[in-house]
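One structure below.
Just follow the structure's listing: the first ligand is 1, and inside any ligand the first atom is 1. Note that the structure is predicted; figures quoted are calculated from it, not measured.
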Amino acid sequence: MGNVFVLDHPLIQHKLTYIRKKETGTKEFRELVDEVAALMAFEITRDLPLEEITIETPVTTATTKTLSGKKIGLVPILRAGLGMVDGILQLIPAARVGHVGLYRDPETLKPVEYYIKLPSDIEERDLIVIDPMLATGGSANDAIHSLKKRGATSIKLMCLVGAPEGVEVIKKEHPDVDIYLAALDEKLNEKGYIEPGLGDAGDRLYGTK
Ligand code: PRP
Ligand code: URA
């Protein structure tokens, strides 16, 4: 069964509070989402494998460490996932970025896929699927199925805020996928919004309604 990690670093928790506040405007919201994404990436990459290499410093020869193992691929779910990409790329600039376009039908709450473009070698990469919100879990579930159908074998899911309902869906459908959250919230309301949540992530990032 996949693990669920709530990243409780004080900086993540502090910034998340300001992301949640309704009076936080678009500019500040976007900056904070980027910052929290970078901090989360720092924690998520804690287990990346290292290998020893020998280099020359200006002074002498040294045996030192470098990343080994699979390369990383980021897969934001459009639109809101885009708001987390730049922050992560600051830490992992060599990561390739694929895109999955999904929107949630407001009536049925079911995801509708409208776009997908991925690096050609996704089967050789450790993929991190990125979306600020894991609500019913429908969007992340579909995105992960889509990636697996195309050959992906190593996937982590990174969201700012998750609802218990969404977490259960991913655990059941994708027991091989670990989930990383900045917060596991209380519940979904009758409109499918996370409570207490942060509202509509896409609208708050891009100033739409
Ligand atoms: C939001 C959010 C997730 C999805 C989560 O996207 O960014 O992708 O809802 O809900 P779920 O877990 O119930 O599927 P939305 O459909 O609002 O599209 P947008 O990012 O284009 O605004
Ligand atoms: N999508 C959002 O943007 N926010 C929610 O609370 C649920 C789904």
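Using a distance-only test at 3.5 Å, with no hydrogens or angles considered, a donor-acceptor pair links the side chain of Asp185 to the main chain of Gly197. The backbone N or O of Leu7 sits less than 3.5 Å from a side-chain atom of Gln13, completing a donor-acceptor pair.
For a threshold of 3.5 Å applied to N or O pairs, the pair formed by Ile194 and ligand 2 contains at least one separation below that value. The distance criterion of under 3.5 Å between nitrogen or oxygen atoms is not met by Pro132 with respect to ligand 1. Distances between N or O atoms of Ala80 and those of ligand 1 include at least one value under 3.5 Å.
Looking only at heavy atoms of the protein, atom 4 (N) of ligand 2 is closest to Gly199 O, 2.8 Å. Nearest non-hydrogen protein atom to atom 8 (C) of ligand 2 is Arg104 NH2, 3.5 Å. The closest protein non-hydrogen atom to atom 3 (O) of ligand 2 is Ala201 N, 2.8 Å. The closest protein non-hydrogen atom to atom 11 (P) of ligand 1 is Thr136 OG1, 3.4 Å.
Each of the atoms 16 (O) of ligand 1 lies under 4.0 Å from some heavy atom of Tyr103. Contact atoms of ligand 2 toward Ala135: 7 (C), 8 (C) (distance under 4.0 Å to a heavy atom of the residue). Applying the 4.0 Å criterion to heavy atoms of Gly192 picks out, from ligand 2, the atoms 7 (C). When each atom of ligand 1 is checked for a heavy atom of Met133 under 4.0 Å away, the hits are 2 (C), 3 (C), 5 (C).
Look at Asp131 and you'll find a heavy atom under 4.0 Å from some atom of ligand 1.
The nearest non-hydrogen atom to atom 12 (O) of ligand 1, considering only Pro76, Gly166, Gly137, comes from Gly137.
Here Asp142 does not pair with Arg104 in a salt bridge; the nearest charged N to carboxylate O distance is not below 4.0 Å. At a threshold of 4.0 Å, the pair Glu168-Lys172 does not count as salt-bridged, since none of the basic side-chain nitrogens sits closer than that to a carboxylate oxygen. Asp200 and Arg204 are not joined by a salt bridge, as no carboxylate oxygen comes within less than 4.0 angstrom of a charged side-chain nitrogen.
Of the N and O atoms on the side chains of Glu165 and Thr136, not one donor lies less than 3.5 Å from an acceptor on the other residue. The closest side-chain donor-acceptor pair between Glu51 and Thr66, if any, does not fall under 3.5 angstrom.
By the definition of a contact as any protein heavy atom under 4.0 Å away, atom 1 (C) of ligand 1 is not in contact.
Ring geometry for Phe5 versus Tyr180: interplanar angle under 30°, hence parallel rather than tilted (30 to 60°).
Contacts of Ala201 with ligand 1, taken as heavy-atom pairs under 4.0 Å, are absent altogether.
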